[in-house]
Trainee: 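Handing you this structure, nothing more for now.
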Amino acid sequence: MLVENSSASHVEAAGVLGDVIIKDERLDGCISSASSWLIAHLKALGSLPKDLGCLALVPLMLVGGSQLLSLLLSHKFLGIVSQLVYWFSSTVELFADSTSLGPSSSRAAVLGSLLLALALMQLVFLTLKKLLDSQRTPTYLLDLALFKPDDSCKVSKDEYLERAKKTGFFLESSIEFQKKVLDLSALGDETYAPPSMLSYPIDASQAAADKDADIAMFAVVDQIFATGIVKPEDVGILVVTCTVFCPVPSLASRVVNRYKLREDIEAYSLGGMGCSTGVLSISLCRDLLKVNKNTHALAVNLEVISGQQGYRGNKRRSMMVTNCLFRWGAAAILLSNKPGDKKKAKYQLMHVVRTHRGADDKSFKCVRSEEDEDGFKGLTLSKDIVPASAVALKNNVTKVAPLILPFTEKLKYVINLIARKVLKMQSMKAYIPDFKTGVDHFCIHPGGKAVIDGMMEHLKLSEWHIEPSRMTLHRWGNTSCSSIWYVLAYMEAKNRVRKGHILWQLALGSGFKCNTAIWKSLRNDQNGPSPNPWLDCIHKYPQPVWT
């Protein structure tokens, strides 16, 4: 029997296809019914010739996915669609039965059934998507405010090195190393540093760090409330993110106190979670908006690179790298779940996909805060960061792909998968989907030149797609969790975003994490309400800054 002889291949293919079709925590209650249905059809494969069994398994698995979806959602209309698919699968088996058709006819029938089953599965998918979209709680982005520090805080690469020399912290060899890092960093000469870093001597006091945080946070929140879209008392959810600075009271409490937000506000401060926390804050706001109806959420993303956080030693060069790349920035994002806000919203959140590799020791330790041999504290990057980033990115993209790719790309992927996993065509390379067919704009976190180049290669993006991230790194530097919002603002300033366009925000962070947010543009003109910090210099970009 074919099932007995090739059970391992079938189980492997079924597992992979099952991951592509659906993943849901509610599967436990439906496994018994779905498994019984699939087992019954797998047994039927025993009557097929060996060269047809594997092909016949494909439509059966696709049909099984639709059956499972209907069981999960328990919707009458979905049940009707599922019955149509079930009937169609029976027809497929009838025409594929080797006892009634010759070998060549059977092969044609099975190949035909595969294409038809795939087409019908697409109909089921679109139906499910439409129904789920109508039932989910929407998350609308109403406004985006970005921090543009005063010109007195601009610091060129040469000025950075001069100030580093004057501190007396670094040996000449350390200064030379930092110069090499800056020369290769692709940062421009108009990035910003906070007042505590620009003072002489550097102010490492708690008061100075508090002031740096307040200046950035309150500047962007002031912009949000100045538009008049929402009043402070209308904000029911507040999420503030900052990786390396976690004061008491928290940053969220400082915002609550400053604007006298209401007593029942759900306020959270997220610390130590790295550059991908901007997406994570949106994820948390979305989840809270699901259970708090008719309210607004405010996410504030910033990094405080004050004199308190900078590395002052000479033993760990990886810690000097973070000194060179990170700059001062902040963003505030106003979200709403009110249906009536759709007309004035800029974007609607479609998906959030989070990947956390913290269970793997090497991934967990590749970015961490620690002291060097002389007791100086800093942020260290290990040699494992490159492979850790690659694995986290691959796992995240694998989950995102079924959500954003068109049917044609999914079909190419499935056919390639069957050829490699089931038919054992070892010489065939894995098919990498063309994500540009499902996404119009890519907001890649500008963590550094190597990060951007790696993302471009992995996702097979063009220079046009990666340009916003390159220019953001040049103009603003790595502003940590707020960086992806400066990338989005660049696209808006260039008038690239149109109604219906899909945007993909993708960021990596310590832990090790890779987080994704998928947005849909709801209007053609994305200017305002808050001012765009790119507008006074957008005519200078793009610049040939990549070497």
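No experiment lies behind these values; they were computed from the predicted model shown.
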Trainee: Below 6.0 angstrom between ring centroids: does that apply to His441 and His501?
Mentor: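 So the answer is yes for these two rings.
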
Trainee: If we count only N and O atoms by modelled type, under 3.5 Å, do the side chains of Glu467 and Tyr541 hold a donor and an acceptor together?
Mentor: no

Trainee: One pair to check against side-chain contact (heavy atoms from CB on, under 4.5 Å): Ser318 and Lys383. What are the steps and the verdict?
Mentor: CA-CA 9 Å; Ser318 65; Lys383 62 182 180 180; over 6 Å; no

Trainee: Run the salt-bridge test on Asp264 and Arg262 with the 4.0 Å N-O cut-off and return the result as yes or no.
Mentor: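 Salt bridge flag = yes for Arg262 with Asp264.
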
Trainee: Is it the case that atom NZ in Lys179 sees more than 12 heavy atoms from other parts of the structure closer than 6.0 Å?
Mentor: no

Trainee: Would a distance-only check, ignoring hydrogens and angles, find a side-chain to backbone donor-acceptor pair under 3.5 Å from Tyr259 to Phe218?
Mentor: yes

Trainee: How close do Cys153 and Pro149 get, counting heavy atoms only, and between which atoms?
Mentor: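 Heavy-atom minimum between the residues: CB-CB, 4.3 Å.
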
Trainee: At their closest point, which heavy atom of Val256 faces which heavy atom of Ile265, and how far apart are they?
Mentor: CG2-CG2, 4.3 Å

Trainee: So, Ser250 versus Ser253: side-chain donor-acceptor pair below 3.5 Å or not?
Mentor: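 Side chains of Ser250 and Ser253: pair found under 3.5 Å.
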
Trainee: Could you tell me whether Lys344 and Asp341 have a side-chain N and a carboxylate O separated by less than 4.0 Å?
Mentor: yes

Trainee: Report yes if the side chains of Glu233 and Leu261 come closer than 4.5 Å at any heavy-atom pair, otherwise no.
Mentor: no

Trainee: Under 3.5 Å, side chain of Thr277 to main-chain N/O of Thr241, donor-acceptor pair present?
Mentor: no

Trainee: Does the side chain of Ser156 pick up a donor-acceptor pair with the side chain of Asp189 at under 3.5 Å?
Mentor: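 Absent: no donor and acceptor within the cut-off.
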
Trainee: To the nearest 0.5 angstrom, please state how far the NE2 atom of His445 sits from the SG atom of Cys514.
Mentor: 11.0 Å

Trainee: After noting the C-alpha distance and the side-chain angles of Trp519 and Gln505, does the key distance pass the side chain to side chain donor-acceptor pair (under 3.5 Å) rule?
Mentor: CA-CA 8 Å; Trp519 300 89; Gln505 289 182 316; 2.8 Å; yes

Trainee: Going by heavy atoms in the side chains, are Gln206 and Pro247 under 4.5 Å from each other?
Mentor: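 Of all side-chain heavy-atom pairs linking Pro247 with Gln206, at least one is under 4.5 Å.
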
Trainee: Quick one, Arg496 with Asp440, criterion salt bridge (Lys or Arg N to Asp or Glu O under 4.0 Å). Give me CA distance, side-chain angles, the key distance, then yes/no.
Mentor: CA-CA 9 Å; Arg496 291 187 175 187; Asp440 299 289; over 6 Å; no

Trainee: What I want to find out is whether Arg163 reaches Glu159 closely enough, with some N-O distance under 4.0 Å, to be called a salt bridge.
Mentor: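 Yes, charged N to carboxylate O under 4.0 Å.
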
Trainee: What's the separation between atom CG in Leu144 and atom CD in Gln223, rounded to the nearest 0.5 Å?
Mentor: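 Leu144 CG to Gln223 CD: 9.0 Å, rounded to 0.5 Å.
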
Trainee: Under 3.5 Å, side chain of Asn396 to main-chain N/O of Val353, donor-acceptor pair present?
Mentor: yes

Trainee: So that I can tick it off, tell me whether Arg498 and Asp525 are bridged by a salt bridge, with the cut-off set at under 4.0 angstrom between side-chain N and carboxylate O.
Mentor: no

Trainee: Ring centroid separation for Tyr486 and Trp534, is it under 6.0 angstrom?
Mentor: no

Trainee: Decide, yes or no, whether a salt bridge links Lys365 with Asp361 under the criterion of side-chain N to carboxylate O below 4.0 Å.
Mentor: no

Trainee: Are Lys377 and Asp372 close enough for a salt bridge, meaning some N to O gap below 4.0 Å?
Mentor: no

Trainee: Can you tell me how far apart CG (Leu459) and CD1 (Ile444) are? Round to the nearest 0.5 Å.
Mentor: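 Spacing of CG (Leu459) from CD1 (Ile444) equals 5.5 Å.
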
Trainee: Take Arg312 and Asp374 through the salt bridge (Lys or Arg N to Asp or Glu O under 4.0 Å) test and state the conclusion after the steps.
Mentor: CA-CA 10 Å; Arg312 304 183 179 193; Asp374 294 330; over 6 Å; no

Trainee: Ser382 versus Lys362: any side-chain heavy-atom pair under 4.5 Å?
Mentor: no

Trainee: Is a donor on one side and an acceptor on the other found under 3.5 Å between the side chain of Lys513 and the backbone of Ser510?
Mentor: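 Such a contact is found between Lys513 side chain and Ser510 backbone.
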
Trainee: Do Glu176 and Ser173 come close enough that some side-chain heavy atom pair is under 4.5 Å?
Mentor: no

Trainee: Any sub-3.5 Å donor-acceptor pair from Tyr347's side-chain atoms to Leu142's backbone N or O?
Mentor: no

Trainee: Is Arg316 salt-bridged to Glu373, going by a charged N under 4.0 Å from an acidic O?
Mentor: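 A salt bridge is present here (some side-chain N lies under 4.0 Å from a carboxylate O).
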
Trainee: Is any side-chain heavy atom of Ile432 closer than 4.5 Å to one of Lys460?
Mentor: yes

Trainee: Are Ser196 and Asp203 close enough that a side-chain donor and a side-chain acceptor fall under 3.5 Å?
Mentor: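 No, no side-chain donor-acceptor pair sits under 3.5 Å.
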
Trainee: Locate the shortest heavy-atom distance separating Ala209 from Phe245; write the atom from each residue and the value.
Mentor: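 Looking at all heavy atoms of both residues, the closest pair is CB-CE1, 3.6 Å.
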
Trainee: Answer yes or no: is there a side-chain heavy-atom contact under 4.5 Å between Lys338 and Tyr140?
Mentor: no

Trainee: Got a second to check how far Ser269's OG is from Arg254's CZ, nearest 0.5 Å?
Mentor: 10.5 Å

Trainee: Regarding Thr479 and Glu303, is there a side-chain donor-to-acceptor distance under 3.5 Å anywhere?
Mentor: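 Absent: no donor and acceptor within the cut-off.
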
Trainee: Under 3.5 Å, is there a donor on one side chain and an acceptor on the other for Asn395 and Thr355?
Mentor: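 No - no donor-acceptor pair under 3.5 Å links their side chains.
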
Trainee: Of all heavy-atom pairs between Asn301 and Trp485, which one has the smallest distance, and what is that distance?
Mentor: OD1-NE1, 2.9 Å

Trainee: Between the side chain of Asp212 and the main-chain N/O of Ser306, is any donor-acceptor distance below 3.5 Å?
Mentor: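 It does not hold such a pair.
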
Trainee: Under 3.5 Å, is there a donor-acceptor pair linking the side chains of Trp476 and Ser483?
Mentor: no

Trainee: Verify, without hydrogens or angle tests, whether Asp234 (side chain) and Thr295 (backbone) share a donor-acceptor contact under 3.5 angstrom.
Mentor: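 Flag not set: sc Asp234 to bb Thr295 has no pair under 3.5 Å.
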
Trainee: Is Arg475 close enough and on-axis enough to Tyr490, meaning under 6.0 Å and within 45°, for cation-pi?
Mentor: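 The answer is no, since Arg475 fails at least one limit relative to Tyr490.
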
Trainee: Measuring only between side-chain heavy atoms, which start at C-beta, is Ser369 closer than 4.5 Å to Val244?
Mentor: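 Counting from C-beta outward, Ser369 and Val244 never come under 4.5 Å.
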
Trainee: Could you give me the CA-CA distance, side-chain angles and deciding distance for Asn323 and Gln178, then say whether side chain to side chain donor-acceptor pair (under 3.5 Å) is met?
Mentor: CA-CA 9 Å; Asn323 278 5; Gln178 293 181 65; 4.8 Å; no

Trainee: Closest approach of Asn314 and Leu171, non-hydrogen atoms and distance?
Mentor: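 Result for this residue pair: OD1-N, 2.8 Å.
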
Trainee: Does the Lys346 side chain pair with the main chain of Gly528, one donor and one acceptor, at a distance under 3.5 Å?
Mentor: yes

Trainee: Please check if the number of heavy atoms outside Lys520 that lie under 6.0 Å from its NZ is greater than 12.
Mentor: no

Trainee: Does the side chain of Ile237 come within less than 4.5 Å of Leu289's, by heavy atoms?
Mentor: yes

Trainee: Does Lys154 have more than 12 heavy atoms from other residues, nucleotides or ligands lying within 6.0 Å of its NZ?
Mentor: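 Atom NZ in Lys154 is crowded, with more than 12 foreign heavy atoms closer than 6.0 Å.
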
Trainee: Please answer whether the main-chain N or O of Lys290 pairs with a side-chain N or O of Lys293 as donor and acceptor at a distance below 3.5 Å.
Mentor: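 Checked: pair present.
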
Trainee: Answer yes if the side chains of Glu162 and Tyr160 hold a donor-acceptor pair under 3.5 Å, and no otherwise.
Mentor: no

Trainee: Could you measure the distance from the CG atom of Asp434 to the CD atom of Glu409? Nearest 0.5 Å is fine.
Mentor: 5.5 Å

Trainee: Where do Ile484 and Gly278 come nearest, in terms of heavy atoms and distance?
Mentor: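 What the structure gives for the nearest pair is CD1-C, 4.4 Å.
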
Trainee: Can you establish whether the number of heavy atoms outside Lys494 located under 6.0 Å from its atom NZ is more than 12?
Mentor: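 Enclosed: over 12 neighbouring heavy atoms sit under 6.0 Å from NZ of Lys494.
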
Trainee: Donor-acceptor pair, Lys436 side chain versus Leu461 backbone, under 3.5 Å?
Mentor: no

Trainee: Taking atom types as modelled and ignoring hydrogens, do the side chains of Asn527 and Glu492 form a donor-acceptor contact shorter than 3.5 angstrom?
Mentor: no

Trainee: How far does CZ of Phe442 sit from CG of Leu503, to the nearest 0.5 angstrom?
Mentor: 9.5 Å

